[in-house]
Amino acid sequence: MKKLLILFMVFITFSACSKLEDLNTNTKDFTVVPGEAIFNGATRALVNQMFTPNVNSNNTLLWIQHWAETTYPDESRYDMVTRPVPANHQNAIYRTVLANYKEAAKLISAKNIVLPNEELIRKNQLAIIEIMSVYAWSNLVETYGNIPYTKALDYADPTPAYDDGLTVYKDLITRLNAALANMTPTSAGMPSGYDNIYGGTAAGTVNWIKFANTLKLRMGLLLADLDAAYAKPVIESAAPNVFTAGNKAAMTYLSASPNQNPVYTELVVSGRNDFVITSVMVNAMQPTVPASPILAVTVTDPRLKFYASTVEGTTTYLGGSQGEPNSYPTYSHVNPALLTSTREVVIMDYAEAEFLLAEAVERTFAVGGTAEGHYNNAITASITYWGGTAAEAAAYLAQPTVAYATATGTWKKKIGTQAWLAYFQRGMTGWTSFRKLDFPVLVAPVNHVEGIDRVPTRYTFAVSEQNLNNENYKKAASDIGGDSPINKLFWDKF
C-alpha cells in the first residue's frame, strides 16, 4: 500500500508540473515565425538604419551639410571614434538585416506549395528579398570598400575574410538580374501586411521591378568611371524599366512605437534639440548677399519653406555653421510638418531616376531623352513631391543659374548640385551622389578631426575588426590603400 501511495504522489506531481508549464505557454505565439514577417522586420530595420539622423548610427546628413549640430558638433567634424558609427552601421546591416533576409528566404523556400500560382508568388517573394538584400549589400560596398561577403553570414566562420569590393559589386548586379528574371508581374508578392513598401499585390510586384531596375541603373552608373564597357549594358538594360512619374519606393510607418518614422523618433520623441539646418543649404536655396558659393539663385527655391522653418518669431530663414556649436533658437529647424510619426521615408524615387538618366545621357549611354529633359523632370518632380507647384518649378528652372543650358560648370556640377538639393533627409543617397560627382563643393569645418580635412569618402572599418579579425582586417586595409576615411573607394575615380 505504501508503494502504491508513493507512485500515486509521483504521478500527481508530474501532472501538476505539466499543467503549470501549460499555463506558461502562449497559445497565440507563432510556432514558427513566418519568413514574410522576418522580411518585413528586416526591411524596417534597414530603412531605419539608412535614414536615421541618430549620431550613433548615421552621420551622413551632417557630412553632406544639410543639417548642423547644436551643442555637440563632433560628428560634423568627422569624429567616427567617440561614437563608433562604422561599427554600429556594419552591425545593423549584417546582423539585423542581411542575416534576417537570409533566414526569411530559407523559410519561404521551405514552404509547402500546392497550387501553381503559389509557386509564382513564392518566386516573387524570394526575388523581393533578393532585391532588398542587394540594396543592403551595395550600401556596405559603397560605404567601406572591401567587405566580408562570401563567408560573412556563415556562423561557422567568426573571422571571415574580406572580398574585393569590385568583385562583390559585380556579383550583386548579377544577383539583381537573376531576381528580375524570376519575377512575374501579374502575380502578387508578400502577403498583405508584410510589405510596407508596396503592399504585396500584383501592382506591388510591378513596382518592385521598377525599383530593382532603378537600383540597377544607379549601380551601373557608379561603375561608369571605372569600367564603362561593363557599365554600358547594365545601364542601358535598366533604363527603359526604371521609375516613371509618380513612382517611388517608400517605407510606410505607423503612429505607435516602435514602428514610427526614425526622424520623428530622433527629433520629437527624444525631446532633444540637437540639429538645425545649415547655412550651406539655406544660402544655396535663397538669394543671399554675397551670393552662395554653391548656387546663386534669384528666386527662392520653393522647397525651402517645406524643408525648414523660419527662425522663431521672424519670417527669415537662417542656417547654422557646420562643425560649430549652434544656438537652437537662433537658426532654422527641420519643418515641423515633416516630423510626424507616420511620415513615409523615401528610399528611391522618380526624381532620383531622372537625375541618373541625365547623368547617363551625359556619359553617352543610350538611355533615351536629353540630359536637359531628364534634369528638368528631376527638379520638377522633387519640387512637386515636397509640396511646390508646377508653376513654382518652372519659375525656379527659368533662372540662368539653374537652367541646364546656362548654369555654370560641367554637367557633373549641374546635376550634382541639384541632386544634393533634392535628396533632403536622404543622407546616404546624398553622400553617394556627392562622392560620385564631386559636387557641390563642400568645405570641411575649420575644427575638423586631425587628418580628415575634407568630407569623408568612406567609413573606416569597425574598430572591433582590429581586435577580433585582425589578420583579415590588415589585409583589407592594405588592399584599399589604408583604412583612412579620406581614401577614395574603387568606384570613386575622380
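All heavy atoms count here, side chains included; hydrogens, waters and symmetry mates do not.
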Colleague: Under a 4.5 Å cut-off applied to non-hydrogen side-chain atoms, are Y72 and V55 in contact?
Modeller: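 Not in contact.
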Colleague: Could you go through N196 and R44, starting from their C-alpha distance and side-chain angles, then the distance that decides it, and tell me whether this counts as side chain to side chain donor-acceptor pair (under 3.5 Å)?
Modeller: CA-CA 8 Å; N196 288 327; R44 181 179 65 85; over 6 Å; no
Colleague: For the residue pair Q49 and H89, confirm or rule out a side-chain donor-acceptor distance under 3.5 Å.
Modeller: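 Looking only at side-chain atoms, H89 and Q49 do form a donor-acceptor pair, the distance falling under 3.5 Å.
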Colleague: Mind listing the closest non-hydrogen atom pair of Y473 and E465 along with its distance?
Modeller: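 Here Y473 and E465 meet closest at CB-O, 3.8 Å.
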Colleague: Identify the heavy atoms of S382 and R303 that sit nearest to each other, and give their distance.
Modeller: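 Taking every non-hydrogen atom into account, OG-NH1, 2.9 Å.
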Colleague: Any Lys/Arg nitrogen of K436 or E359 sitting under 4.0 Å from an Asp/Glu carboxylate oxygen of the other?
Modeller: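 A salt bridge is present here (some side-chain N lies under 4.0 Å from a carboxylate O).
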Colleague: Distance from Q425 atom CD to R343 atom CZ, nearest 0.5 Å?
Modeller: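 Here the rounded value is 7.0 Å.
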Colleague: Assess, by modelled atom type and distance only, whether the side chains of D79 and T82 contain a donor and an acceptor separated by less than 3.5 Å.
Modeller: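 There is such a pair (donor and acceptor under 3.5 Å, judged by atom type) between the side chains of D79 and T82.
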Colleague: Within the structure provided, determine whether T429 and M348 are in side-chain contact (heavy-atom separation under 4.5 Å).
Modeller: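 They are not in contact (no side-chain heavy atoms under 4.5 Å apart), so the answer is no.
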Colleague: Side chains of I173 and L223, heavy atoms from C-beta outward: is any pair under 4.5 Å?
Modeller: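 Side-chain contact under 4.5 Å: yes.
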Colleague: Measure from the side-chain N and O atoms of S332 to the backbone N and O of L318, and report whether any donor-acceptor pair falls under 3.5 Å.
Modeller: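 Looks like yes, one N/O pair under 3.5 Å.
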Colleague: Indicate the atoms forming the closest heavy-atom contact of G165 with V141, along with that distance.
Modeller: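 Smallest heavy-atom distance, with atoms named: O-CG1, 3.7 Å.
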Colleague: In a check of side-chain contact (heavy atoms from CB on, under 4.5 Å) between R83 and each of N56, N88, N54, which one passes?
Modeller: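 Among the candidates, only N56 passes.
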Colleague: Would you call E266-R272 a salt bridge at under 4.0 Å N-O?
Modeller: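 Salt bridge between E266 and R272, a charged N being under 4.0 Å from a carboxylate O: no.
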Colleague: CZ/R454 to CG/L442 distance, rounded to the nearest 0.5 angstrom?
Modeller: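 CG of L442 is found 13.5 Å from CZ of R454.
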Colleague: Do I294 and V441 make a side-chain contact, defined as non-hydrogen atoms from C-beta onward lying under 4.5 Å apart?
Modeller: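 With C-beta onward as the side chain, the pair stays apart.
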Colleague: Kindly compute the distance separating CG (L140) from OH (Y459), expressed to the nearest 0.5 Å.
Modeller: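 The CG atom of L140 sits 11.0 Å away from the OH atom of Y459.
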Colleague: Does the salt bridge (charged side-chain N to carboxylate O under 4.0 Å, His left out) test come out yes or no for R426 and E352, once each step is laid out?
Modeller: CA-CA 11 Å; R426 296 167 60 186; E352 183 174 356; 2.5 Å; yes
Colleague: Thinking salt bridges, do E372 and K414 make one under a 4.0 Å N-O criterion?
Modeller: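 No salt bridge links E372 with K414.
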Colleague: Could D227 and K170 be called an ion pair, given the rule that one side-chain N must be under 4.0 Å from one carboxylate O?
Modeller: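 Salt bridge: yes.
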Colleague: Check E142 with R218, please: is the shortest side-chain N to carboxylate O separation under 4.0 Å?
Modeller: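 Looking at R218 and E142, the cut-off is met.
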Colleague: For this output row, return yes or no: ring centroids of Y101 and F39 closer than 6.0 angstrom.
Modeller: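 Yes, the ring centres sit under 6.0 Å apart.
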Colleague: Could you check V47 against Y253 for side-chain contact (heavy atoms from CB on, under 4.5 Å), going step by step and ending with a plain yes or no?
Modeller: CA-CA 11 Å; V47 176; Y253 285 88; 3.4 Å; yes
Colleague: Is there a donor-acceptor contact under 3.5 Å linking the side chains of K216 and S237?
Modeller: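 K216 vs S237: donor-acceptor pair found between side chains.
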Colleague: Would you sort out whether Y317 and N283 count as a side chain to side chain donor-acceptor pair (under 3.5 Å), showing the intermediate values?
Modeller: CA-CA 9 Å; Y317 294 97; N283 293 348; over 6 Å; no
Colleague: Is it the case that the side chains of T174 and D171 hold a donor-acceptor pair, with the cut-off being a distance below 3.5 Å and no angle test?
Modeller: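 Checked: D171/T174 side chains show no N/O donor-acceptor pair below 3.5 Å.
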Colleague: Look at atom CD of E312 and say whether more than 12 heavy atoms of other residues, nucleotides or ligands are closer to it than 6.0 Å.
Modeller: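 Atom CD in E312 is not crowded, with 12 or fewer foreign heavy atoms closer than 6.0 Å.
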Colleague: Once you measure the plane-to-plane angle for F424 and Y307, does it fall in the parallel (<30°), tilted (30-60°) or perpendicular (>60°) bin?
Modeller: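 Parallel, since the angle between the ring planes stays under 30°.
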Colleague: Look up atom CD1 in I209 and atom CG in N241, then write down how far apart they are to the nearest 0.5 Å.
Modeller: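 One gets 8.5 Å once the value is rounded to the nearest 0.5 Å.
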Colleague: Given side chains that start at C-beta, do those of Y396 and P302 come closer than 4.5 Å, heavy atoms only?
Modeller: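 With C-beta onward as the side chain, the pair touches.
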Colleague: Show the numbers, then the answer: is there a side chain to side chain donor-acceptor pair (under 3.5 Å) between Q399 and T298?
Modeller: CA-CA 7 Å; Q399 298 174 91; T298 55; 3.1 Å; yes
Colleague: At what distance, to the nearest 0.5 angstrom, does CD of E354 lie from OH of Y375?
Modeller: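 Rounded to the nearest 0.5 Å, the CD-OH separation comes to 13.5 Å.
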Colleague: Between K493 and D438, does any side-chain N to carboxylate O distance fall below 4.0 Å?
Modeller: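 Salt bridge flag = no for D438 with K493.
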Colleague: Taking the six-membered ring for Trp and the full ring for Phe, Tyr or His, determine whether the centres of H333 and Y328 are under 6.0 Å apart.
Modeller: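 Close enough - the centres of the two rings lie under 6.0 Å apart.
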Colleague: Using a 4.5 Å cut-off on heavy atoms from C-beta on, say whether the side chain of T408 contacts that of T401.
Modeller: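 T401 vs T408: side chains apart.
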Colleague: Determine whether L254 and S341 satisfy the following criterion, side-chain contact (heavy atoms from CB on, under 4.5 Å), listing intermediate values before the conclusion.
Modeller: CA-CA 6 Å; L254 305 178; S341 61; over 6 Å; no
Colleague: Would you say the side chains of E344 and T252 form a donor-acceptor pair under 3.5 Å?
Modeller: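 There is no such pair between these side chains.
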Colleague: Would you check if T389 and T384 make a side-chain contact, meaning some heavy-atom pair closer than 4.5 Å?
Modeller: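 No. Closest side-chain heavy atoms not under 4.5 Å.
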Colleague: Would you sort out whether T316 and T310 count as a side-chain contact (heavy atoms from CB on, under 4.5 Å), showing the intermediate values?
Modeller: CA-CA 5 Å; T316 302; T310 56; 5.7 Å; no
Colleague: side-chain contact (heavy atoms from CB on, under 4.5 Å) for N207 and N247? Distances and angles first, verdict last.
Modeller: CA-CA 8 Å; N207 282 318; N247 293 153; 3.9 Å; yes
Colleague: What closest approach, in Å, do T457 and W431 show between heavy atoms, and which atom pair accounts for it?
Modeller: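 For T457 versus W431, the nearest heavy atoms are C-CZ2, 3.8 Å.
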Colleague: Write down the atom of N40, the atom of D195, and the distance for their closest heavy-atom approach.
Modeller: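 N40 and D195 have their closest heavy atoms at OD1-N, 4.0 Å.
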Colleague: Determine whether the side chains of N487 and R458 contain a donor N or O and an acceptor N or O closer than 3.5 Å.
Modeller: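 No - no donor-acceptor pair under 3.5 Å links their side chains.
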Colleague: Does any non-hydrogen side-chain atom of W411 lie less than 4.5 Å from one of L437?
Modeller: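 With C-beta onward as the side chain, the pair touches.
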Colleague: Indicate yes or no: does E69 engage R77 in a salt bridge with an N to O separation below 4.0 Å.
Modeller: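 Looking at E69 and R77, the cut-off is not met.
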Colleague: Going from OH on Y144 to CZ on F461, what distance comes out if it is rounded to the nearest 0.5 angstrom?
Modeller: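 Between atom OH of Y144 and atom CZ of F461 there are 9.5 Å.
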Colleague: So, the side chain of H66 versus the backbone of G430: is there a donor-acceptor pair under 3.5 Å, distance only?
Modeller: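 Between the backbone of G430 and the side chain of H66 there is no qualifying donor-acceptor contact (under 3.5 Å).
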Colleague: Mind running ring pair (Phe, Tyr, Trp, His ring centres under 6.0 Å) on Y94 and W137 for me, showing each step along the way?
Modeller: CA-CA 9 Å; Y94 276 114; W137 280 115; 5.6 Å; yes
Colleague: Which pair of heavy atoms, one from T342 and one from S255, lies closest together, and at what distance?
Modeller: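 The answer is CG2-N, 3.6 Å.
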Colleague: Between the main-chain N or O of K488 and the side-chain N or O of D492, is there a donor-acceptor pair closer than 3.5 Å?
Modeller: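 No; zero donor-acceptor contacts below 3.5 Å.
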